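Chain letters run A, B, ... following the sequence lines, proteins first and then strands; every chain starts at 1. Please read all numbers here as calculations on a predicted model, not as lab measurements.
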Amino acid sequence: DAMVIQNPRYQVTQFGKPVTLSCSQTLNHNVMYWYQQKSSQAPKLLFHYYDKDFNNEADTPDNFQSRRPNTSFCFLDIRSPGLGDAAMYLCATSRALGTSGSSSYNEQFFGPGTRLTVL
Amino acid sequence: GDSVTQMEGPVTLSEEAFLTINCTYTATGYPSLFWYVQYPGEGLQLLLKATKADDKGSNKGFEATYRKETTSFHLEKGSVQVSDSAVYFCALSDNGQGGSEKLVFGKGMKLTVNP
């Protein structure tokens, strides 16, 4: 089945120790998103890739970076995790059609998430 | 900016009870509206959607109607089951104004259904 896969499902890291979360997809979607979801809160978009173009949200801290080496994979790097970065990190994909302003919508497909604990 | 306000709960219902989860939105354009569901330990799944005013989305017995005049997209189900226990998120999309879709979520509502 086509799907969005996130590894690992649970990640424990130490305060200040860099960590990388992985997302892969078999849907061949051209857009990939990273969301942060803290306990009992709504998912918050950190950034997304539209093909190879990186789009950072204005309020995403510099501590969070992302890489997309190819269509299938996207990584979230947290350079120096703090206690406040403990959260569920959700990856999502979609197929965007048309140019900016197009009203065509394609569903976002979410992975199961990686729960990050910072000690 | 765009925002979504929804009932936060938590809510506990008995099986076969009627469910309504209120959702209202603020948006500058003409957003698409969604309900996502998150079962314990899992990612978000799209439950239903509506892309324009007066559209009704439906799935698995759930329904929601896009009401432009009241900027609302309330979720309803006539008879809930234990398996409906989950967290429900209302969301809107800016329809690709920035070149790709961006979702803005409400805070979510945890529903527990008891036998």
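Residues B:Tyr36 and A:Pro43 are not in side-chain contact: their nearest non-hydrogen atoms beyond the backbone lie 4.5 Å or more apart.
Cluster membership for B:Phe105 and B:Phe73, using ILVMFWY side-chain heavy atoms within less than 4.5 angstrom, is not shared. Placement of A:Phe110 and B:Trp35 in two distinct hydrophobic clusters is found when ILVMFWY residues are connected by side-chain heavy-atom separations under 4.5 Å, directly or transitively. Both B:Leu47 and B:Leu13 belong to a single network of hydrophobic side chains, linked directly or stepwise wherever heavy atoms of I, L, V, M, F, W or Y lie under 4.5 Å apart. Hydrophobic clustering of Ile, Leu, Val, Met, Phe, Trp and Tyr side chains at less than 4.5 Å, counting indirect connections, unites A:Leu45 with B:Val87. Using a 4.5 Å cut-off between side-chain heavy atoms of Ile, Leu, Val, Met, Phe, Trp and Tyr, with links allowed through other members, B:Val104 and A:Tyr50 fall into different hydrophobic clusters.
Taking 4.5 Å as the heavy-atom cut-off, the residues of residues 81-90 of chain A that approach chain B are A:Leu90, ordered by number. At a heavy-atom cut-off of under 4.5 Å, chain B is reached by A:Gly111, A:Pro112 from residues 111-119 of chain A, listed in order of number.
Heavy atoms closer than 4.5 Å to chain B are found nowhere in A:Gln6, neither backbone nor side chain.
With rounding to the nearest 0.5 Å, the separation of CD in A:Gln41 from CD in B:Glu8 is 10.0 Å. The distance from atom CD of A:Gln37 to atom CD of B:Gln38, rounded to the nearest 0.5 Å, is 4.5 Å.
By the side-chain contact (heavy atoms from CB on, under 4.5 Å) test, A:Lys52 pairs with no residue at all, sequence neighbours left out.
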- side chain to side chain contact (heavy atoms under 4.5 Å, CB included) between B:Leu103 and A:Tyr33: does it pass, once the steps are laid out? CA-CA 10 Å; B:Leu103 288 174; A:Tyr33 307 80; over 6 Å; no

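Environment of NZ in A:Lys44: crowded, with over 12 heavy atoms of neighbouring residues, nucleotides or ligands closer than 6.0 Å. Residue A:Asn70 qualifies as enclosed at atom CG: its count of foreign heavy atoms under 6.0 Å is above 12. More than 12 heavy atoms of other shown residues, nucleotides or ligands fall within 6.0 angstrom of atom CD in B:Glu69.
Counting only residues at least two apart or on different chains, the ring pair (Phe, Tyr, Trp, His ring centres under 6.0 Å) pairs with a member in residues 53-86 of chain A are A:Phe47-A:Phe54, A:Tyr49-A:Phe54.
The two residues B:Gly106 and A:Ala42 make their nearest non-hydrogen contact at O-CB, 2.7 Å.
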